Protein chains: 2
Amino acid sequence: MAKPVAERAEVIPLLAEVFRTRGYEGATLGLISEATGLGKGSLYNFFPGGKEEMAREVLAHVDAWFTDHIYAPLRRTKDPDAAIAAMFVAVDGYFRSGGRVCLVGAMALDATREVFAGRIRTYFVGWIEALTAALRRRGEPKARARHMAESCVLEIQGALVLARALDDREVFARALKASRQRLASR
Amino acid sequence: MAKPVAERAEVIPLLAEVFRTRGYEGATLGLISEATGLGKGSLYNFFPGGKEEMAREVLAHVDAWFTDHIYAPLRRTKDPDAAIAAMFVAVDGYFRSGGRVCLVGAMALDATREVFAGRIRTYFVGWIEALTAALRRRGEPKARARHMAESCVLEIQGALVLARALDDREVFARALKASRQRLASR
DNA sequence: GTCTATAGAGTGATAGAC
DNA sequence: GTCTATCACTCTATAGAC
């Protein structure tokens, strides 16, 4: 038996980077093979469902990362303001200060949305609900908390679009700062 | 001479709809042919540069529409508040209250950005500068006007992402309303 | 009859599946 | 790596305006 070249789990971040930079349709198996160092045979061994399964696993991985690093702390915290501050730090790090695109957001705009609608929705619902929970725990009224959370998530997505369109990370930095201040005001 | 089947100008909105719904890579010539009712011969007669020229013309057409209906009124107006209000109405109409995606924003997130970076940038720079001009004419300080304009454009883009991700136009309506109120406060 | 715009079969390249 | 489908694009026969 041939020695496994890699663990399935460790290729997923590599796949994610290909999908993020090239989009779902632009991520050819050739590029994926190159990025992972895996032949097509190995890829189909790991992901019998092909490219669609790869993307599904990547989305699940992204969702898990956000759940662990962002949603769960927001939900659990005794100190909502600290958790929200931590969220902005994590988001800035994850999106490389605007230099990295949101794969889920990009897929939402693409025709691939139809295929992955469930996971895309889960990601954003999870984010908004976790942030809403933190804001409520801070004492915000229900409707206001929800609206603030929705605005915040939406601003981050818009900032990623604009930062990339203008090729200017400062746009992202400014937007994060403004969003943080808006959540801080009571 | 064979009878021309259409005006070049009148196929561009049809092309735009294909690119908008399928993305650049997902817009196959087969789909384009079907959507326009034009054979490949006609398409290549109109657009010798092929798919890339089609997309370039579509982007130019979108940019022209925004210039005519949004940027120019913002720049020219004697009544900035009315022009800004009109902008929100036009934007809501153009994006079908969140049911339609921003082609330029979607391309900015995609790998196609590299090919169309210039036009993508022009679109957003034009928007931000026009809105900044209107805000300045209303008496906002330069830096604040620019920042408000940037935030507004970014919120619209984010709202389009989120509305589509959640398949909920109300998200777009709420975001437009919030953005309008934020620009109105002095 | 001439000539141009058209339709769509044909081409080579390359995709994803296996 | 091989296979088949499908891609963007080319080419050619033809319809039809002049």
Side-chain angles (χ1 to χ4, degrees), chain A residues 1-6 8 11-12 14-61 103 106-107 110-116 119, chain B residues 1-61 103 106-107 110-116 119:
Chain A
M1 182 169 86
K3 179 179 158 189
V5 184
R8 186 184 132 111
V11 312
I12 291 178
L14 301 172
L15 293 180
E17 216 42 43
V18 180
F19 284 120
R20 218 188 304 274
T21 54
R22 317 290 306 205
Y24 180 71
E25 312 222 42
T28 68
L29 286 190
L31 284 168
I32 291 170
S33 179
E34 192 186 336
T36 56
L38 264 42
K40 294 177 188 174
S42 305
L43 288 170
Y44 271 86
N45 180 44
F46 285 142
F47 308 98
K51 199 167 137 174
E52 186 175 323
E53 184 179 342
M54 295 179 207
R56 215 169 280 281
E57 291 298 316
V58 164
L59 285 173
H61 184 258
L103 174 61
M107 280 185 164
D110 204 295
T112 54
R113 192 198 75 103
E114 287 150 35
V115 183
F116 303 111
R119 289 222 184 263
Chain B
M1 184 170 76
K3 181 175 158 189
V5 74
E7 296 285 337
R8 186 184 131 111
E10 72 195 22
V11 313
I12 290 178
L14 301 173
L15 292 179
E17 216 42 42
V18 181
F19 284 121
R20 218 188 304 276
T21 53
R22 316 292 305 206
Y24 181 71
E25 312 222 42
T28 69
L29 285 189
L31 284 168
I32 291 171
S33 181
E34 191 187 335
T36 57
L38 265 43
K40 292 176 193 170
S42 305
L43 289 171
Y44 275 86
N45 179 45
F46 286 142
F47 309 98
K51 201 168 136 173
E52 187 176 321
E53 185 179 342
M54 295 179 206
R56 214 169 282 282
E57 291 298 317
V58 164
L59 286 173
H61 184 258
L103 175 62
M107 279 186 165
D110 204 293
T112 54
R113 191 199 75 105
E114 287 150 35
V115 183
F116 304 111
R119 288 220 185 266

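Convention: sequence-line order gives letters A, B, ...; per-chain numbering from 1. Note that this is a predicted model, so its numbers are computed, not measured.
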Report task. Using atom CG of B/L43 as one end and atom P of C/dT6 as the other, report the distance to the nearest whole Å. Result -> 9 Å
Report task. Taking A/T36 for its side chain and A/V11 for its backbone only, find out whether a donor-acceptor pair lies under 3.5 Å. Result -> no
Requested in this report: State plainly whether the residues A/E17 and A/R20 are in salt-bridge range, i.e. N to O under 4.0 Å.
Outcome: yes
Report task. Let me know which of A/L15, A/L103, A/I12 forms a side-chain contact (heavy atoms from CB on, under 4.5 Å) with A/H61. Result -> A/I12
Report task. Take the protein atom CD of A/E53 and the nucleotide atom P of C/dC18, then report the distance between them rounded to whole Å. Result -> 12 Å
Query raised in the report: Do the side-chain N or O atoms of A/Y44 get closer than 4.0 angstrom to the phosphate oxygens (OP1, OP2) of C/dC18?
Result: no
**Report entry** Spacing between B/I32 atom CD1 and D/dC7 atom P, to the nearest angstrom
**Finding:** 11 Å
Requested in this report: Nearest whole angstrom, please: distance from the C1' of D/dC11 to the CG of B/N45.
Outcome: 14 Å
Query - Any B/S42 side-chain nitrogen or oxygen under 4.0 Å from OP1 or OP2 of C/dA7 - result: yes
Query raised in the report: At what distance, to the nearest 0.5 angstrom, does CG of B/D110 lie from CD of A/E25?
Result: 8.5 Å
Report task. Using atom CZ of B/R22 as one end and atom C1' of D/dT6 as the other, report the distance to the nearest whole Å. Result -> 14 Å
Report task. Check the distance between C/dA5's P and B/E7's CD and give it to me in whole angstrom. Result -> 13 Å
Report task. Could you pick out which residue, A/G41 or B/G49, lies toward the 5' side of DNA chain D when each is mapped onto its nearest nucleotide? Result -> A/G41
Got a list of protein N/O to nucleotides 10-15 of chain C N/O distances below 3.5 Å?
from   : atom 1 : to    : atom 2 : distance (Å)
C/dG10 : O6     : B/K40 : NZ     : 3.3

Report summary line: Of A/R119, A/R8, A/K51, the one forming a salt bridge (Lys or Arg N to Asp or Glu O under 4.0 Å) with A/E57 is A/R8
Query - d(CD, B/E34; P, D/dA8) in whole Å - result: 14 Å
Query - Geometric class of the A/Y24/A/F116 ring pair [parallel <30°, tilted 30-60°, perpendicular >60°] - result: perpendicular
Query raised in the report: Considering residues, nucleotides and ligands other than B/E10, do more than 12 of their heavy atoms fall under 6.0 Å from its CD?
Result: yes
Query - Between P of C/dT6 and CZ of B/F47, the distance in whole Å - result: 11 Å
